[in-house]
> 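Below are the structure tokens for one structure; questions will follow.
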Amino acid sequence: MLAHEMSALNFEKRCGKIRGKEGDSMSWSVYILRCGDGSLYTGCTTDVERRLKEHQSGKGAKYTRSHGPVSLAYQEEVEDRSAALRREAAIKKLSRAEKEKMLFN
């Protein structure tokens, strides 16, 4: 597979265009990571394990590269990409205290 084909495949996976078994859309999750400095990072993906490994290896978001190491603190599944993006935005608007309360419920 050529590099541009791999890039397109990765983009499609992240955007939920790749279908799972029996033609169903892949499930989306919103997650919160706790960084090494105690800060929290919120994101969304179709594969939390893969994305966590990317963050841990320094290939994730620019924020986690400079605030690592990271560990998964919270995860919730949502119905689709649109819902994941809305939920991610809503979580990012919460105060730190509200986010911490979410982590322990």
Side-chain angles (χ1 to χ4, degrees):
M1 189 174 285
L2 299 174
H4 71 280
E5 291 172 328
M6 292 286 289
S7 179
L9 180 62
N10 287 336
F11 174 79
E12 289 176 355
K13 282 182 182 178
R14 284 193 176 162
C15 292
K17 294 179 182 176
I18 302 294
R19 302 289 175 179
K21 291 182 180 178
E22 300 173 15
D24 293 333
S25 293
M26 295 180 78
S27 63
W28 281 82
S29 295
V30 178
Y31 62 92
I32 299 176
L33 303 178
R34 187 174 302 278
C35 298
D37 64 358
S39 63
L40 300 173
Y41 173 85
T42 305
C44 63
T45 184
T46 57
D47 186 344
V48 175
E49 286 184 39
R50 174 192 51 81
R51 192 68 179 130
L52 177 59
K53 288 177 185 175
E54 289 175 354
H55 286 294
Q56 290 172 331
S57 70
K59 296 178 183 172
K62 185 176 180 180
Y63 184 87
T64 58
R65 284 195 298 267
S66 62
H67 292 83
V70 300
S71 61
L72 184 64
Y74 177 82
Q75 174 182 348
E76 76 179 62
E77 285 194 32
V78 293
E79 59 189 56
D80 56 27
R81 180 176 183 258
S82 180
L85 292 171
R86 285 192 308 272
R87 183 65 175 139
E88 176 185 10
I91 290 172
K92 286 181 175 182
K93 288 181 182 179
L94 297 175
S95 68
R96 178 171 178 98
E98 292 170 321
K99 290 176 192 175
E100 289 286 354
K101 189 175 180 180
M102 272 180 56
L103 303 180
F104 295 105
N105 285 332

> I'd like to know if K101 pairs up with E98 as an ion pair, taking the criterion as any Lys NZ or Arg NE/NH1/NH2 lying under 4.0 Å from an Asp or Glu carboxylate oxygen.
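So K101 does not pair with E98 through a salt bridge.
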> Which heavy-atom pair separates S39 from D37 by the least distance, and what is that distance?
OG-OD1, 2.6 Å
> When rounded to the nearest 0.5 angstrom, what is the spacing between CG in L94 and CD in E100?
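The CD atom of E100 is 11.5 Å from CG of L94, to the nearest 0.5 Å.
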> What do you reckon, is NZ of K92 surrounded by more than 12 foreign heavy atoms closer than 6.0 Å?
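Yes, because the 6.0 Å sphere around NZ of K92 holds more than 12 heavy atoms from other groups.
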> Which atom names give the shortest non-hydrogen contact between I91 and K99, and what distance separates them?
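I91 and K99 have their closest heavy atoms at O-CE, 3.0 Å.
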> Going by the ring-ring contact (aromatic ring centres under 6.0 Å, His included) test, which pairs reach into residues 65-105, not counting sequence neighbours?
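Those involving residues 65-105 are Y63-H67.
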> Look only at the side chain of Q56 and the backbone of V70, and say whether a donor-acceptor pair between them is shorter than 3.5 Å.
yes
> Quick one: salt bridge (charged side-chain N to carboxylate O under 4.0 Å, His left out) pairs with a partner in residues 61-75, sequence neighbours left out?
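Applying salt bridge (charged side-chain N to carboxylate O under 4.0 Å, His left out) to every pair that reaches into residues 61-75, excluding sequence neighbours, yields nothing.
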> Which pairs, with at least one residue in residues 32-61 and sequence neighbours excluded, count as a ring-ring contact (aromatic ring centres under 6.0 Å, His included)?
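The answer is Y31-H55, Y41-H55.
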> Just wondering, more than 12 heavy atoms not from E49 lying within 6.0 Å of its CD?
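For E49, atom CD is not crowded (no more than 12 foreign heavy atoms under 6.0 Å).
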> Which heavy atom in R50 sits nearest to a heavy atom in T46, and how many Å separate them?
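Shortest heavy-atom separation between R50 and T46 comes out as NH2-OG1, 4.2 Å.
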> List the steps, then state whether side chain to side chain donor-acceptor pair (under 3.5 Å) holds for S82 with D80.
CA-CA 6 Å; S82 180; D80 56 27; 4.6 Å; no
> Taking the side chain as C-beta and beyond, is there a heavy-atom pair between L85 and R81 under 4.5 Å?
yes
> Nearest heavy-atom pair of V48 and S29: which atoms, and what distance?
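The answer is CG2-CB, 3.5 Å.
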> Give the minimum heavy-atom separation between T42 and E88, together with the two atoms involved.
O-OE2, 3.4 Å
> Tell me whether L52 shares a hydrophobic cluster with L103, the cluster being built from Ile, Leu, Val, Met, Phe, Trp, Tyr side chains joined at under 4.5 Å.
no
> Same cluster for M102 and L72 if Ile/Leu/Val/Met/Phe/Trp/Tyr side chains link at under 4.5 Å?
no
> Restricting to non-hydrogen atoms, name the atom on E54 and the atom on S57 that form the minimum distance, rounded to 0.1 Å.
O-OG, 3.1 Å
> Do R34 and L40 have side chains that approach each other closer than 4.5 Å (heavy atoms only, starting at C-beta)?
yes
